[in-house]
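Just below is one structure, and these are the notes that go with it.
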Number of protein chains: 2
Amino acid sequence: MRKGEETRTRILDVAEAAVLQKGFGGTSIEELIAETGITKSGFFYHFRDKNELAKALLNRYIENDERIYDEIFGRARDLVDDPLQSFLLGLKLLSELLSDLPNGHPGCLVATVCYYERLFDREIQETNRNAVLAWRRRFGRMLREIMAVYPPREPVDVDQLADMVSSVLEGGIVLSKTLKEPNTLAEQVLMLRTFVKMLFLPVAEMPRA
Amino acid sequence: MRKGEETRTRILDVAEAAVLQKGFGGTSIEELIAETGITKSGFFYHFRDKNELAKALLNRYIENDERIYDEIFGRARDLVDDPLQSFLLGLKLLSELLSDLPNGHPGCLVATVCYYERLFDREIQETNRNAVLAWRRRFGRMLREIMAVYPPREPVDVDQLADMVSSVLEGGIVLSKTLKEPNTLAEQVLMLRTFVKMLFLPVAEMPRA
DNA sequence: TCCCCTCCTGTACCGGCGGTACAGTTTTCA
DNA sequence: TGAAAACTGTACCGCCGGTACAGGAGGGGA
């Protein structure tokens, strides 16, 4: 049981890196087995077909993603009491984490799946959809706490604002990868932070001169 | 010359729709020739290989994209003198255009290429990079005009703010497609508009009661 | 009218890949 | 030590990207 899990994980590791660079259609099973040093039969022992691999890959990615957000915003919550300051700190920590990635963000599997949708079954599409909805709920929850204390300077829909976090992350990844500027993603998160700050923080000071 | 261009365009039309739904790796040449009613030899008469098709596809997409932005923000410029109000109107018009798309936004080729990078040659990657840089310059130009009149409420880097427009668009497309909620993209653009408004517009009124 | 160029069609072929089938072997752990 | 788990090896299928090349329809200019 133990050994099997290890091999499975190794396949998933190799597959994830490949898929994020070349998409699902561009990643061949043959190259995966070559890199993991397993045989074709061995691969199909673990995954019935490519769709099954995609399913496992996506689920693992989403779980890991959730864990990272839990940790970052959980830490921010522990350090600061105020919901707004805590959220702003969370975005700061997230931005730091992203700018510490040595080769930039490798890409988001949710986006990859989104741009390959037609070749996946309904289950994967639903999983992907639910992942995005989970982001909406997560950030929405925090934003609602903020709104209970700070009235927004402009009228905004909470869900749409929560989606903005996801948008900037997904879009920032695309920009960062395309430009080959690893730091762009981190900067975009800080830009979003500025937006949130401005939206909720009471006018602090008068413009000088 | 006329007939050839027409066939070429038909291939590109079919290919674009397919690629946006299934990615490059997931789109087979055989299905393209089946749908356009051309033979395999006919296809390879127009495009040397898949890479050549991708190149043509991407260039056409980028040109069309630029034309749309030229038109929208050009119209906004004609209607309103003030650079800030003009930009805000442009975002409004863009949001309306996006929410009028019957089946939602079909997807962005730049993002598709970004998530398939490793299987393309340097030329395509450079083209893609330049497209994103062109967005940065485009929105940067408008934002600089705004900043010459309106001091931003918070210190922001112009290029990063310009990138925010691209981020929200790219991210909004991913969200919209994944959620199968066509309107999410338009809402995200309006959210961005709120941000820009808040950043540059002087405090308009006191919060009531 | 003839010829040439553009724009294709038809046919045959290659190797890689996803996937299947299944028999046999090694490794692990209770 | 024995059964289950975790593989290997081999053979095969059909689709796909790509190559090669011969030939043909149709229009436009000399």
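Sequence lines set the chain letters: A, B, ... in the order given, protein chains first and strands last, and positions in each chain run from 1. The figures that follow rest on heavy atoms only: side chains count, while hydrogens, waters and symmetry mates do not.
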Mind calculating the distance between [atom1] ([X]) and [atom2] ([N]) to the nearest angstrom?
| X | N | atom1 | atom2 | answer |
| --- | --- | --- | --- | --- |
| B:Glu30 | D:dG17 | CD | P | 6 Å |
| A:Ile38 | D:dA6 | CD1 | P | 11 Å |
| B:Phe47 | D:dT19 | CZ | C1' | 18 Å |
| B:Glu31 | D:dG14 | CD | P | 21 Å |
| B:Arg48 | D:dA20 | CZ | C1' | 16 Å |
| A:Phe44 | C:dG18 | CZ | P | 8 Å |
| B:Ile33 | C:dT9 | CD1 | C1' | 11 Å |
| A:Lys50 | D:dC16 | NZ | C1' | 12 Å |

Has [X] got a side-chain atom pairing as donor or acceptor with [Y]'s backbone, closer than 3.5 angstrom?
| X | Y | result |
| --- | --- | --- |
| B:Lys177 | B:Pro106 | yes |
| A:Thr178 | B:Arg129 | no |
| B:Ser86 | B:Asp81 | no |

Self-check item: Selection from D:dG9, C:dG18, C:dT9 that lies nearest to any side-chain heavy atom of A:Thr39
Solution: D:dG9
Self-check item: Selection from D:dC7, C:dT6, D:dT10 that lies nearest to any side-chain heavy atom of A:Tyr45
Solution: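 So the side chain of A:Tyr45 is nearest to D:dC7.
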Quiz item: Does B:His46 have a side-chain nitrogen or oxygen under 4.0 Å from the phosphate oxygens OP1 or OP2 of C:dC7?
Solution: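 No, no such contact exists.
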Exercise. Ignoring backbone atoms, establish whether A:Thr7 has a side-chain N or O less than 4.0 Å from OP1 or OP2 of D:dC7.
Key: yes
Practice problem: Look at the side chain of B:Ser41 against the base of C:dG10 and say whether a donor-acceptor pair falls under 3.5 Å; ignore hydrogens and angles. | Solution: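 A donor-acceptor contact between them is present.
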Quiz item: With a 3.5 Å cut-off and just heavy-atom distances, do the side chain of B:Lys40 and the base of D:dG18 make a donor-acceptor pair?
Solution: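 Side chain to base: pair found, below 3.5 Å.
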Practice problem: Looking at every strand, decide which applies to B:Ser28 at a 4.0 Å heavy-atom threshold: base, sugar-phosphate, or nothing. | Solution: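 The residue B:Ser28 makes sugar-phosphate contact but no base contact.
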Exercise. Examine the side chains of A:Ser167 and B:Gln188 and answer whether a donor and an acceptor come within less than 3.5 Å of each other.
Key: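 Yes, because at least one side-chain N or O of A:Ser167 sits under 3.5 Å from a partner of the opposite role on B:Gln188.
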Quiz item: Are B:Phe24 and B:Phe120 close enough that their ring centers fall under 6.0 Å?
Solution: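 They qualify: ring centres under 6.0 Å apart.
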